[in-house]
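What follows is a set of notes on a single structure, which appears directly below.
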Amino acid sequence: MPALRTTLIKNALLLATMDDARREIADGAIFIRGKRILQVGRSEDLPAHADEVIDASGHVVLPGLVNTHHHMSQTLTRAVPGAQDCELFDWLKRLYPIWARMTPEMIHVSTQTAMAELLLSGCTTSSDHLYIYPNGCRLDDSIVAAGEIGMRFHASRGSMSVGESLGGLPPDSVVEREPDILVDSQRLIETWHDESEGAMLRIALAPCSPFSVSRELMRDSALLARQHGVGLHTHLAETPGDVAYSREKFGCSPAQYAEELGWIGRGTWHAHCVCLDDEGMALLARSGTGVAHCPSSNMRLGSGIAPIKTMLARGVAVGLGVDGSASNDAGHLLLEARMAMLAARVREQDGRRDPAGMTARQALELATRGGAAVLGRDDIGQLAAGKCADLVAFDVRGLDYAGALHDPLAALLFAAPGKVALSMINGRVIVRAGQLLSIDLPVLVERHNRLARELVSDQS
């Protein structure tokens, strides 16, 4: 067999490993062989030669960021008139009819647009929650798009089965039959899921929410996921209305509902949890269930600010999610880390505001090893020997960071969040000198804008 290609990244202004010791290494370097990190340390202590040597002078290097919640198809419906100032349920009612017109081409193109935005913001691994499948759309459309662009992907097979006629929120035209959902979930697992360490693609099952699927589908999806060892993902306790719906329809809190149907445990993660009560937090902590914190979307829709500091203190696994691009409306994960840091400082906890609610390093940890833990992975999210070679570098020599280099790592969040200069996924350079290498970005953006106009034109 030919020798594996080696890469040396050296002379980093600062290397933030996010490893178990949380080492921060000045003049840092990483030596990579194939798809794995072989050594991490000071530049002078690592091998001087490799097949490729990358000079990271003036750059802050850290693990690739991990996005734990997204609806990538929504890049087609950003800032739609009539949905800009709504709370969650009215926002959904405005957009469901538009999403019902999506095509497979739109799913493919919107996925790549969302991933390009994530990649350029420092993200190397992302989940996506696609839960509407009109006009022949399939999750495969997203999976193929991810393979082409080169992002590490957790593809969640979302679903809705309870339409308005059965007391649900979505119109009947966008829901599916539950037997069809389960058959397709099985097909996707058997076709695409890779359970191996270092996998670039994994499948999760993701009935959309308690107000759009039945108790039976939630239960059967959990059983199927456990049978095949795949993840489980849904929305939980996002708004007071969400909690009220659960209590009225099911006679229990959202967390109790999740526990009753088998929706807890490692590899299971819930988006938002803004209104999670003390009992719910304790349940998630002791069961190893994760939370995808989406501060921008929660503020955009007026849902509130999740009690992340309390969750972390109680041992809940928490990662960050940009959420859908129609409710954020950005997909910049470094910006999301900044928002998490700031939101935690103004949220009232125990009747008072805590100005030290979250530090920059805590927010960046949520975006890296925190997100990896939420997705049930220990092979990404940190820079350490044996881990996947997923890393990003930000050039901090420019105007945006002028005067902030007393602490260059914190500057990534306190200063204006920038674009990544270098991104590597599984040992492959995806972004170099700030340019995305795997696709023609101007062509993608033009195509995306054309499809967005087609999608929304008859509904605006």
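These values consider heavy atoms only, across backbone and side chains, with no hydrogens, waters or symmetry-generated copies. Only a predicted model underlies this, so the values are computations on that prediction, with no experimental measurement involved.
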- Message: For a side-chain contact (heavy atoms from CB on, under 4.5 Å) check, start with the C-alpha distance between L441 and L120, then their side-chain angles and the critical distance, and finish with the verdict.
- Response: CA-CA 11 Å; L441 193 55; L120 290 170; 4.0 Å; yes
- Residues in ring pair (Phe, Tyr, Trp, His ring centres under 6.0 Å) contact with W91, at least two apart in sequence or another chain: W99
- Minimum heavy-atom separation for G122 to F394, with atom names? CA-CZ, 4.0 Å
- Item | Short side-chain to backbone donor-acceptor contact, D90 and C86, under 3.5 Å | no
- Message: Looking only at side-chain N and O atoms, does Q112 offer a donor or acceptor that is under 3.5 Å from a partner on H448?
- Response: no
- Item | ring pair (Phe, Tyr, Trp, His ring centres under 6.0 Å) partners for Y401, two or more places apart | none
- Distance in Å, H108 NE2 paired with S142 OG, rounded so as to fall on 0.5 Å steps: 9.0 Å
- Taking side chain as C-beta onward, heavy atoms only, is F89 less than 4.5 Å from F211? yes
- Of N67, I380, I425, the residue whose pairing with T125 passes side-chain contact (heavy atoms from CB on, under 4.5 Å): I380
- Message: For G198, is there any backbone N or O sitting under 3.5 Å from a side-chain donor or acceptor partner on R152?
- Response: yes
- Query: When you look at D323 and S327, which way does the side chain to side chain donor-acceptor pair (under 3.5 Å) test go after all the steps?
  - Reply: CA-CA 7 Å; D323 200 10; S327 67; 3.3 Å; yes
- Can you tell which of R187, H193, Q186 makes a side chain to side chain donor-acceptor pair (under 3.5 Å) with E190? Q186
- Task: Quick one: do R215 and E260 satisfy salt bridge (charged side-chain N to carboxylate O under 4.0 Å, His left out)? Show the steps, please.
- Result: CA-CA 10 Å; R215 182 189 300 267; E260 178 185 332; 2.5 Å; yes
- Task: Working to the nearest 0.5 Å, report the span between CZ of F153 and CD1 of I143.
- Result: 6.5 Å
- Keeping to residues at least two apart or across chains, list the salt bridge (Lys or Arg N to Asp or Glu O under 4.0 Å) pairs with something in residues 365-381. D20-R369, R22-E365, R377-D379
- Query: ring pair (Phe, Tyr, Trp, His ring centres under 6.0 Å) with H270: which residues, sequence neighbours excluded?
  - Reply: none
- Spatial distance of atom CG (L444) from atom CG (N449) [nearest 0.5 Å]: 9.5 Å
- Query: Going by atom types alone, do S110 and T113 pair a side-chain donor with an acceptor below 3.5 Å?
  - Reply: no
- Message: Any non-hydrogen side-chain atom of E87 less than 4.5 Å from a side-chain atom of T239?
- Response: no
- Query: Backbone N or O of I305 within a donor-acceptor pair of the R347 side chain at under 3.5 Å?
  - Reply: yes
- Has the side chain of E259 got a donor or acceptor atom that lies under 3.5 Å from a matching backbone atom of Q256? no
- Message: Measuring from atom CG of L391 to atom CG of L62, what distance do you get when rounded to the nearest 0.5 angstrom?
- Response: 8.5 Å
- Query: Is there side-chain contact between S221 and L217, with heavy atoms separated by less than 4.5 Å?
  - Reply: yes
- Message: Between R361 and D407, does the salt bridge (charged side-chain N to carboxylate O under 4.0 Å, His left out) criterion hold? Intermediate values first, please.
- Response: CA-CA 11 Å; R361 283 167 172 78; D407 185 344; 2.9 Å; yes
- Item | Point-to-point distance, once rounded to the nearest 0.5 Å, from CG of D128 to CD of Q74 | 9.0 Å
- Message: Are there over 12 heavy-atom neighbours, none belonging to E216, within less than 6.0 Å of that residue's CD?
- Response: yes
- Query: Given the rule in the side-chain contact (heavy atoms from CB on, under 4.5 Å) test, do R247 and S253 qualify, once you have shown the distances and angles that lead to the verdict?
  - Reply: CA-CA 6 Å; R247 292 197 178 279; S253 72; 3.5 Å; yes
- Message: I'd like to check the ring pair (Phe, Tyr, Trp, His ring centres under 6.0 Å) partners of H235; sequence neighbours left out, ordered by chain and number.
- Response: H69, H71, H129, H272
- Message: Quick one about R94 and T77 (side-chain donor to acceptor, distance below 3.5 Å, no hydrogens or angles considered), yes or no?
- Response: no
- Could you check if a side-chain atom of W192 sits within less than 4.5 angstrom of a side-chain atom of D140, using non-hydrogen atoms only? yes
- Message: Can a side-chain donor-acceptor contact be found between T103 and N135 if the only test is distance below 3.5 angstrom?
- Response: no
- Message: For a quick check under 3.5 Å, do E336 and S296 share a side-chain donor-acceptor pair by atom type?
- Response: yes
- Message: Can a donor-acceptor pair be found, under 3.5 Å and without considering hydrogens, that links the side chain of T234 to the backbone of P207?
- Response: yes
- Taking all non-hydrogen atoms of both residues, which atom of R78 and which atom of G331 are closest, and how far apart? NH1-N, 4.2 Å
- Donor-acceptor contact below 3.5 Å, side chain S127 vs main chain T68: yes
- Message: For A199, is there any backbone N or O sitting under 3.5 Å from a side-chain donor or acceptor partner on D194?
- Response: no
- Message: Looking at S156 and G158, would you say the former's side chain and the latter's main chain have a donor-acceptor pair under 3.5 Å?
- Response: no
- Message: Before you tell me yes or no, could you show the steps for M424 and I430 under side-chain contact (heavy atoms from CB on, under 4.5 Å), namely the whole-Å CA-CA distance, both residues' side-chain angles and the distance that decides it to 0.1 Å?
- Response: CA-CA 6 Å; M424 175 180 283; I430 300 294; over 6 Å; no
- Message: Counting only heavy atoms not in E195 (residues, nucleotides, ligands), do more than 12 fall under 6.0 Å from its CD?
- Response: no
- Task: Show your reasoning for whether salt bridge (charged side-chain N to carboxylate O under 4.0 Å, His left out) applies to R219 and E178.
- Result: CA-CA 12 Å; R219 180 201 61 215; E178 294 188 354; over 6 Å; no
- Derivation and outcome, side-chain contact (heavy atoms from CB on, under 4.5 Å), residues D184 and R157: CA-CA 9 Å; D184 192 53; R157 204 301 180 183; 3.1 Å; yes
- Out of curiosity, S121 OG to L334 CG, how far, rounded to the nearest 0.5 Å? 7.0 Å
- I would like to know whether R226 and T268 meet side chain to side chain donor-acceptor pair (under 3.5 Å); could you show each step before the answer? CA-CA 10 Å; R226 301 303 181 206; T268 298; 3.0 Å; yes
- Message: Could you check whether any side-chain heavy atom of S126 comes within less than 4.5 Å of a side-chain heavy atom of M72, counting everything from C-beta outward?
- Response: yes
- Query: Relative to each other, are the rings of W269 and H233 parallel, tilted or perpendicular (30° and 60° limits)?
  - Reply: parallel
Please set out all donor-acceptor pairs under 3.5 angstrom arising from side-chain atoms of residues 411-421, sequence neighbours excluded.
none

- Message: What verdict does the side chain to side chain donor-acceptor pair (under 3.5 Å) test give for N328 and S297, after you've listed the backbone C-alpha separation in whole Å, the side-chain angles of each residue and the deciding distance to 0.1 Å?
- Response: CA-CA 5 Å; N328 185 316; S297 173; over 6 Å; no
- Message: Are V392 and L422 packed together at the side-chain level, in the sense that at least one heavy-atom pair is separated by less than 4.5 angstrom?
- Response: no
- Write down the atom of V316, the atom of T289, and the distance for their closest heavy-atom approach. CG1-O, 4.0 Å
- Message: Donor-acceptor pair, distance only, cut-off 3.5 Å: does the side chain of S212 make one with the backbone of C208?
- Response: no
- Using modelled atom types only, decide if a donor and an acceptor are shared between the side chain of D390 and the backbone of G64 within a distance under 3.5 Å. no
- Compare all side-chain heavy atoms of M106 with those of L455 and state whether any distance is below 4.5 angstrom. yes
